[in-house]
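One structure is given here, and the rest of the page talks about it.
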Amino acid sequence: MNDARTGERHWADREAVEILQREPEAPVVETGISPSGPFHVGHLREILTGDALTRALRERGAAARLVFIVDNLDPLRKVYPFLDAGVFGPLVGRSLCELPAPDGEGRYDEHFLRPFLSALGRLGVDAEVLPASELYASGRMDEVVLRALEQRDLLARIQQEVTGKSLPETWSPWNPRCPACRRIDQGEVLGFDREAGTVRSRCRACGEEAEQPIAGGGKLTWRVDWPARWKALSVTSEPFGKDHASRGGSWDTGARIAREVYGMEPPHPVIYEWIGLRGQGDMSSSRGNVLTVGELLEVVPPEVLRYFVLKARPARAITFDPGLPLLRLVDEVDNAAARGRDERALELSRAGRFRPVGVPFHHLVLVGQLAGFDAERVIALLERGGYRDLDRGAVEERLVLARGWLERFAPDEARVEIAETLPDAARHLEPDQREYLARLATLLPDLEGASADAIHERLYALASIEGGPGPRRAFEAIYRALLGRDRGPRAASLIEIWGPRRAAARLAEAAEAAAG
RNA sequence: GGGCCGUUAGCUCAGCCGGUAGAGCAGUGGACUUUUAAUCCAUCGGUCGGGGGUUCGAAUCCCCCACGGCUCACCA
């Protein structure tokens with residue numbers, strides 16, 4: 001890493017070096033997300049930041065682990081807009097892992113987690129997924145929980161000092177789950193027994209009193225849970241969103257608790273900014289219009305999503321635009337000769353076997369439309385356009401994505417559709433353009449079945465004759481007649497695919513309409 | 001109000017453990033039997049938000065200010 005001077009060092013490398021100073025052998029990177037709703041692009045930053053760190057650590061010879069905690073013990077806080085109030089209203093306060101899925105099939109947490117995990121697999125994220133429910137049930141948290149119960153007063157003091165807010169007398173770091181009504185957010189701790197490893201509690205909701213084992217009987221409150229996990233799992237680094245980072249936030253309390261209660265240095269923090277969304281309106285899980293990771297993988301290769309996130313320093317807010325800008329990103333990843341690409345970020349973006357296509361994504365979208373997304377015809381068109389040595393399988397794969405992008409995110413300009421009837425734009429043509437179309441219309445029927453190259457010859461030759469409109473304006477006239485726009489894909493291909501005879505009729509119609 | 005991040009060419013950004021600025025896109029010129037951000041070559045383009053300070057020397061370090069975004073109920 002002697003390139004510090006040239007500034008080519010990636011943020012993940014810099015952080016890795018610092019983490020290794022603290023734990024050179026087996027650093028543990030922890031990340032975590034609450035499965036209360038769909039996982040979207042924003043969540044990607046949490047896990048990918050952790051993944052990049054882990055990779056950078058492993059490259060340096062460390063036996064780094066990436067632990068992904070699923071906070072499925074968290075209670076359902078309210079009835080989210082995408083939930084049925086009748087079903088979920090009465091279930092508020094229960095752990096996410098004890099709720100039915102929104103569609104009624106299976107478990108709530110798994111409903112949201114499953115697609116995310118499969119996306120992670122495709123993204124090449126090598127993480128140990130650990131649901132909080134299992135972490136607690138395993139007993140691995142018992143000791144840190146007992147310590148918290150014993151240090152209740154100290155914890156309360158720290159929290160009050162850091163947040164400036166007072167806590168009720170009955171506050172406890174432990175949230176017991178009521179064995180009767182299953183709520184995990186209403187319990188009041190009455191006492192605990194270190195020898196037996198149990199907690200006595202009463203439920204404020206239903207009044208039930210019980211004595212339950214720590215393992216499986218509840219969870220720590222978030223602010224204590226976090227540092228307790230650091231201790232229990234020997235966490236050495238933790239990426240987290242800036243919401244936790246603000247003054248008086250959970251990082252501040254967590255860091256103190258780590259030192260004063262658990263006698264450890266808090267993990268090396270990596271604070272990241274948020275990912276905004278452009279093009280589809282702001283992302284808002286409450287409105288339900290989120291971009292899920294799975295959705296995006298139907299549109300671009302996983303490497304592109306990784307690259308998008310890893311290219312920017314975590315502290316930098318970035319905006320995700322699934323429209324045209326996303327395509328640029330695809331090309332940057334696909335084309336080894338692309339300028340301005342961040343090689344190191346790209347290296348960290350590998351997600352398995354990436355098959356470059358060598359055709360700009362936007363062009364593929366275009367050709368795909370012309371050829372009805374039929375792989376054979378697409379490849380024929382591409383070859384005619386000068387692309388050689390195409391990796392057939394890679395093209396086919398990418399073509400599926402191109403189609404997905406077109407259907408889901410393409411702006412109108414990217415769509416090629418031959419107008420059903422003569423477009424209005426075709427009425428505005430100069431005399432020489434009209435003349436051109438009229439003459440072309442008489443030639444085209446003879447070209448039925450001809451190759452696009454042959455057709456192009458004629459288009460071009462006719463445009464260039466004495467008194468002709470010249471290529472540029474000739475093509476403009478054709479596009480107006482067929483698409484109602486001034487520009488378009490290779491006119492010859494368009495005509496070949498639509499059929500020269502049909503095109504001829506349209507061009508003649510345009511020539512006439514413009515004259516009248 | 002507290003805090004975090006940002007303010008570098010028209011746009012998006014890199015550079016930031018100091019040595020008088022870079023890329024992509026846009027623009028301009030040219031090439032091309034040019035076609036939906038086209039490609040290739042060349043080129044124009046910056047008082048590095050403002051003001052102080054440290055230093056032989058600062059976009060890079062320190063302080064102050066302005067503007068912008070975000071965040072402060074366990075929503076990454």
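First the proteins, then the strands, lettered A, B, ... as listed; each starts at 1.
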Checklist entry - From the list rA76(B), rU33(B), rA37(B), which nucleotide is the closest neighbour of the side chain of E46(A)? => result rA76(B)
Checklist entry - Any idea which of rU36(B), rA73(B), rA76(B) is nearest the I33(A) side chain? => result rA76(B)
Checklist entry - In whole angstrom, what separates H362(A)'s NE2 from rC25(B)'s P? => result 16 Å
Item to check | Salt-bridge contact K219(A)-D71(A) (side-chain N to carboxylate O under 4.0 Å) | outcome: no
Item to check | Shortest side-chain distance from L366(A), nucleotide among rU35(B), rC74(B), rU36(B) | outcome: rU36(B)
Item to check | Y460(A) side-chain proximity, nearest of rC74(B), rA37(B), rU33(B) | outcome: rU33(B)
Item to check | Intermediate values then yes/no, ring-ring contact (aromatic ring centres under 6.0 Å, His included), Y262(A) and W230(A) | outcome: CA-CA 9 Å; Y262(A) 292 117; W230(A) 299 337; 9.3 Å; no
Next on the checklist: Of the options rC25(B), rU35(B), rU36(B), whose atoms approach the side-chain atoms of F475(A) most closely?
Outcome noted: rU35(B)
Checklist entry - A414(A) or P75(A): which one's nearest nucleotide on RNA chain B is closer to the 5' end? => result A414(A)
Checklist entry - How many Å lie between CZ on R328(A) and P on rA23(B), as a whole number? => result 17 Å
Next on the checklist: Using salt bridge (Lys or Arg N to Asp or Glu O under 4.0 Å), reason through R398(A) and D334(A) one step at a time and then give a plain yes or no.
Outcome noted: CA-CA 11 Å; R398(A) 193 68 60 81; D334(A) 188 84; 3.0 Å; yes
Item to check | Spacing between H363(A) atom NE2 and rU35(B) atom P, to the nearest angstrom | outcome: 9 Å
Next on the checklist: Of the options rA37(B), rC16(B), rA76(B), whose atoms approach the side-chain atoms of R14(A) most closely?
Outcome noted: rC16(B)
Checklist entry - Passes ring-ring contact (aromatic ring centres under 6.0 Å, His included), F112(A) versus Y108(A)? Steps please. => result CA-CA 7 Å; F112(A) 292 114; Y108(A) 189 100; 5.2 Å; yes
Next on the checklist: What is the distance, to the nearest angstrom, from the CH2 atom on W405(A) to the P atom on rU36(B)?
Outcome noted: 13 Å
Checklist entry - Do E238(A) and H268(A) have side-chain atoms, one donor and one acceptor, less than 3.5 Å apart? => result no
Checklist entry - To the nearest Å, how far apart are K311(A) NZ and rG24(B) P? => result 14 Å
Next on the checklist: Tell me if the side-chain of R77(A) makes a donor-acceptor pair with the base of rA73(B), cut-off 3.5 Å, by modelled atom types.
Outcome noted: no
Please tabulate, one pair per line, each protein N/O and nucleotide N/O from nucleotides 2-9 of chain B that are separated by under 3.5 Å, including the distance.
from, atom 1, to, atom 2, distance (Å)
rC5(B), O2', A315(A), O, 3.3

Checklist entry - Can a donor-acceptor pair be found between the side chains of R223(A) and T253(A) at a distance below 3.5 Å? => result yes
Checklist entry - Do R14(A) and E18(A) meet the salt-bridge criterion of a basic N to acidic O distance under 4.0 Å? => result no
